[in-house]
Amino acid sequence: MKRQILTFAAVGVINTATYYCLYLLFLNWLPYLFAHVIAFVISMIGSFFLNARFTYRTPPTWRKFLLFPLTNVTNFLVATSGVYVIVDVLHAGSRFAPLLASAAAIPVTFVVSRWVMLPRQIARPSA
């Protein structure tokens with residue numbers, strides 16, 4: 001489990017960097033919320049394959065791929081709400097808002113991700 005947490009964190013760093021680069025790119029042409037959503041979806045697809053291969057060492061399947069967005073629902077809602085609050089309520093600017101807003105949901109995302117990717121291991125009682 002310790003290896004999974006560390007690998008999940010490393011994949012998260014890669015995923016966040018990918019998301020942020022895409023967000024900044026799309027921000028040149030789109031309003032910040034659209035840039036956020038599109039970058040989020042693209043990086044989530046990459047996150048699925050990286051987590052399947054490196055974090056959980058499980059083959060990617062269509063079932064897991066279709067369930068994987070559940071792992072990001074909380075992350076997405078918290079991050080999107082946070083981006084909105086930081087930009088429109090606090091007027092702090094849109095450049096760094098996504099980085100600040102997405103940090104709070106990481107532990108929940110790990111737990112749900114592990115449940116989706118390793119459902120049988122989660123169901124087994126630990127010895």
Side-chain angles (χ1 to χ4, degrees):
M1 177 102 131
K2 184 187 275 190
R3 183 200 59 78
Q4 285 179 352
I5 292 170
L6 292 173
T7 307
F8 184 82
V11 168
V13 168
I14 292 166
N15 186 48
T16 301
T18 301
Y19 158 78
Y20 191 58
C21 288
L22 290 171
Y23 172 76
L24 291 177
L25 177 71
F26 296 141
L27 196 57
N28 289 316
W29 300 287
L30 300 169
Y32 76 90
L33 278 178
F34 288 117
H36 165 70
V37 169
I38 293 169
F40 193 92
V41 169
I42 292 170
S43 66
M44 183 175 58
I45 292 168
S47 178
F48 167 75
F49 288 105
L50 290 173
N51 276 303
R53 171 71 177 96
F54 297 107
T55 303
Y56 303 111
R57 298 180 181 178
T58 185
T61 65
W62 279 107
R63 179 187 176 283
K64 291 174 189 172
F65 182 76
L66 294 174
L67 287 174
F68 192 75
L70 293 175
T71 68
N72 288 293
V73 168
T74 300
N75 189 334
F76 180 78
L77 293 175
V78 170
T80 302
S81 300
V83 167
Y84 173 78
V85 168
I86 291 167
V87 174
D88 282 345
V89 176
L90 301 176
H91 305 290
S94 60
R95 268 199 157 349
F96 296 106
L99 296 176
L100 298 171
S102 51
I106 292 170
V108 174
T109 304
F110 174 76
V111 170
V112 177
S113 171
R114 193 166 193 278
W115 174 76
V116 166
M117 301 300 263
L118 303 173
R120 290 185 186 112
Q121 287 185 7
I122 301 302
R124 277 190 244 147
S126 25

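Computed from a predicted structure; not experimentally measured. One is the number of the first residue; the rest follow in order along the sequence. Below, all heavy atoms of this structure are taken into account, side chains as well, without hydrogens, waters or symmetry copies.
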Student: Quick one: does S47's side chain have a donor or acceptor within less than 3.5 Å of a partner on S43's backbone?
Tutor: no

Student: Nearest 0.5 Å, what's the CZ-OH distance between F40 and Y23?
Tutor: 13.5 Å

Student: Nearest heavy-atom pair of R3 and T55: which atoms, and what distance?
Tutor: NH2-O, 3.0 Å

Student: Indicate yes or no for a side-chain donor-acceptor contact from K64 to the backbone of P59 under 3.5 Å, with no hydrogens or angles considered.
Tutor: yes

Student: How about T80 and L33: do any of their side-chain heavy atoms sit closer than 4.5 Å?
Tutor: yes

Student: Grab the two heavy atoms, one from M44 and one from F68, that are nearest each other, plus how far apart they are.
Tutor: O-CE2, 3.7 Å

Student: Compare every heavy atom of L27 with every heavy atom of A35, then report the nearest pair and how far apart it is.
Tutor: CB-N, 3.8 Å

Student: Supply the atom-to-atom distance I86 CD1 to R95 CZ, rounded to the nearest 0.5 angstrom.
Tutor: 15.0 Å

Student: Using 0.5 Å steps for rounding, measure from the CG atom of N28 to the CG atom of L30.
Tutor: 9.0 Å

Student: Check Y19, Y84, F26 against H36 for a ring-ring contact (aromatic ring centres under 6.0 Å, His included) and give me the one that passes.
Tutor: Y19

Student: Do you know the tightest heavy-atom contact between V112 and L70?
Tutor: CG1-O, 3.7 Å

Student: Under the 4.5 Å side-chain heavy-atom rule for ILVMFWY, direct or indirect, which residues accompany L50?
Tutor: V11, I14, F54

Student: Over all heavy atoms of both residues, which pair between N51 and M117 is shortest? Give the atoms and the distance, please.
Tutor: C-CE, 4.1 Å

Student: So, for S94 and V87, which heavy atoms are closest and what is the spacing to 0.1 Å?
Tutor: CA-CG2, 3.6 Å

Student: Test of understanding: clusters of I, L, V, M, F, W, Y form through side-chain heavy atoms closer than 4.5 Å, transitively. Do V13 and F8 belong to the same one?
Tutor: no

Student: Would you say L25 ends up clustered with V41 if hydrophobic residues are merged whenever their side chains have heavy atoms under 4.5 Å apart, either directly or through other cluster members?
Tutor: no

